[in-house]
Amino acid sequence: MKRILTVLIIWTVLAAGFSSGAAAQAFATSSIYLSKEAAVGQRIDYTFLIKNNDQREHNYSFQILNLQKEYISSLDYKSFSETNFSLTAGNSKKIDLKLKIPENSKIDHLSFRAVLKKEGNIIKSLPLNIKINKDYQLTIADYPPDLNLISGENQSFSVTVGNIGTETLKNIKLKFELPKKWLIENIKPKQMDLKAGEKGSFNVNIFVPLSQAAANKEISVIAYNQHSQTKILIGSITVKKNPNYFLVILILLIIMIMGTIYYFRRFGRR
């Protein structure tokens with residue numbers, strides 16, 4: 001599932017051969033990283049590697065500006081306020097910015113800045129641009145709002161996906177995030193193609209292990225292809241304990257007791 005665009009930006013702060021002040025800074029970064037194109041539902045990961053190549057320790061701060069929070073998956077230190085840190089000579093620091101283009105994005109272009117300061121002075125203000133491609137848009141149009149499952153049994157439900165873009169989406173598949181030991185035993189069809197405006201349904205067969213206690217659970221379903229991805233949380237799942245589970249336990253207990261009685265009657269105590 002190739003849905004993550006990874007961007008590496010290296011900022012190396014140099015001092016040797018330069019005078020003090022803003023002119024004393026150089027940055028190793030390529031313009032190819034400044035502008036990217038992403039589809040709706042796609043994730044974009046930026047990694048900023050900041051290295052101090054000066055001969056002494058410096059105090060730095062890093063900040064993301066003009067970026068709407070609904071596009072953020074996570075940012076190191078979980079904040080858009082300035083992140084302050086110090087770097088000794090020759091050391092570096094990595095800061096990760098993870099973005100997600102939401103399905104309902106109303107804009108076609110995303111522009112923001114990554115700002116690096118040294119000793120309180122701006123030494124780099126890097127513009128970053130993302131063009132949002134809405135030609136390929138996949139959505140989960142229908143899914144069960146709630147499920148009642150019984151442990152130890154196979155059960156089926158359907159998930160309907162739709163192509164709300166302008167181009168044909170090929171090789172659409174489903175992927176599930178499940179509680180531990182749960183299994184998706186079958187999905188029919190395995191994949192499908194949808195033209196613009198079309199919908200299609202997958203039939204899903206799920207197995208809940210017999211050991212699963214009665215509980216309320218959550219699962220997530222992801223519909224994806226090479227151009228687009230969408231995710232829905234099915235959060236209202238009631239698992240009931242299979243009544244046969246207790247019968248099996250009782251039978252095993254009776255067998256154990258009868259086996260113990262038989263052993264002592266036949267062999268007695270020694």
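In what follows, every heavy atom counts, from backbone to side chain, and hydrogens, waters and symmetry copies are set aside.
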Whether the side chain of [X] engages the backbone of [Y] through a donor-acceptor N/O pair (distance < 3.5 Å, no angle test) should be reported.
X: Asn225; Y: Asn171; value: no
X: Asn52; Y: Leu87; value: yes
X: Gln229; Y: Gln42; value: no
X: Gln155; Y: Ile150; value: yes
X: Ser220; Y: Glu177; value: no

Criterion side chain to side chain contact (heavy atoms under 4.5 Å, CB included) against Leu178, the qualifying member of Ile206, Val221, Leu183: Ile206

Nearest heavy-atom neighbours spanning [X] and [Y]:
X: Ser228; Y: Leu138; result: OG-N, 3.2 Å
X: Tyr71; Y: Leu110; result: CD2-CD2, 3.9 Å
X: Ile140; Y: Ala223; result: CG1-CB, 4.0 Å
X: Val239; Y: Ser151; result: CG1-N, 4.3 Å
X: Lys134; Y: Asp108; result: CE-OD1, 3.4 Å
X: Lys51; Y: Gly90; result: CE-O, 3.7 Å

Sorted by first residue and then second, give each salt bridge (Lys or Arg N to Asp or Glu O under 4.0 Å) pair with at least one member in residues 184-207; sequence neighbours left out. none

Run the side-chain contact (heavy atoms from CB on, under 4.5 Å) test on Asn154 and Asn186 for me, step by step, so that the C-alpha distance in whole Å, both residues' side-chain angles and the decisive distance to 0.1 Å come before the verdict. CA-CA 10 Å; Asn154 295 309; Asn186 197 14; over 6 Å; no

Thinking salt bridges, do Lys98 and Asp96 make one under a 4.0 Å N-O criterion? no

Are [X] and [Y] in one and the same hydrophobic cluster, where Ile, Leu, Val, Met, Phe, Trp and Tyr link if side-chain heavy atoms are under 4.5 Å apart?
X: Leu169; Y: Ile164; result: no
X: Ile50; Y: Leu97; result: yes
X: Tyr46; Y: Phe85; result: yes

How many angstroms lie between atom [atom1] of [X] and atom [atom2] of [Y], to the nearest 0.5 angstrom?
X: Gln212; Y: Lys180; atom1: CD; atom2: NZ; answer: 12.0 Å
X: Ser61; Y: Asn84; atom1: OG; atom2: CG; answer: 5.5 Å
X: Asn133; Y: Lys36; atom1: CG; atom2: NZ; answer: 14.5 Å
X: Leu99; Y: Gln68; atom1: CG; atom2: CD; answer: 10.5 Å
X: Ile219; Y: Ile184; atom1: CD1; atom2: CD1; answer: 6.0 Å
X: Leu65; Y: Ser125; atom1: CG; atom2: OG; answer: 7.0 Å

Scan for ring pair (Phe, Tyr, Trp, His ring centres under 6.0 Å) pairs involving residues 127-152, sequence neighbours excluded, and state none if there are none. Tyr136-His227

Pairs involving residues 166-219, ordered by first then second residue, that meet ring pair (Phe, Tyr, Trp, His ring centres under 6.0 Å) (sequence neighbours left out): none

Whether Tyr60 and His58 hold their rings parallel, tilted or perpendicular, with breakpoints at 30° and 60°: perpendicular

Does some side-chain heavy atom of [Y] sit less than 4.5 Å from a side-chain heavy atom of [X]?
X: Leu67; Y: Leu128; result: no
X: Val159; Y: Ile187; result: no
X: Ile122; Y: Lys117; result: yes

Please lay out, stage by stage, how Leu194 and Met192 fare under the test side-chain contact (heavy atoms from CB on, under 4.5 Å). CA-CA 7 Å; Leu194 292 177; Met192 67 173 65; 4.1 Å; yes

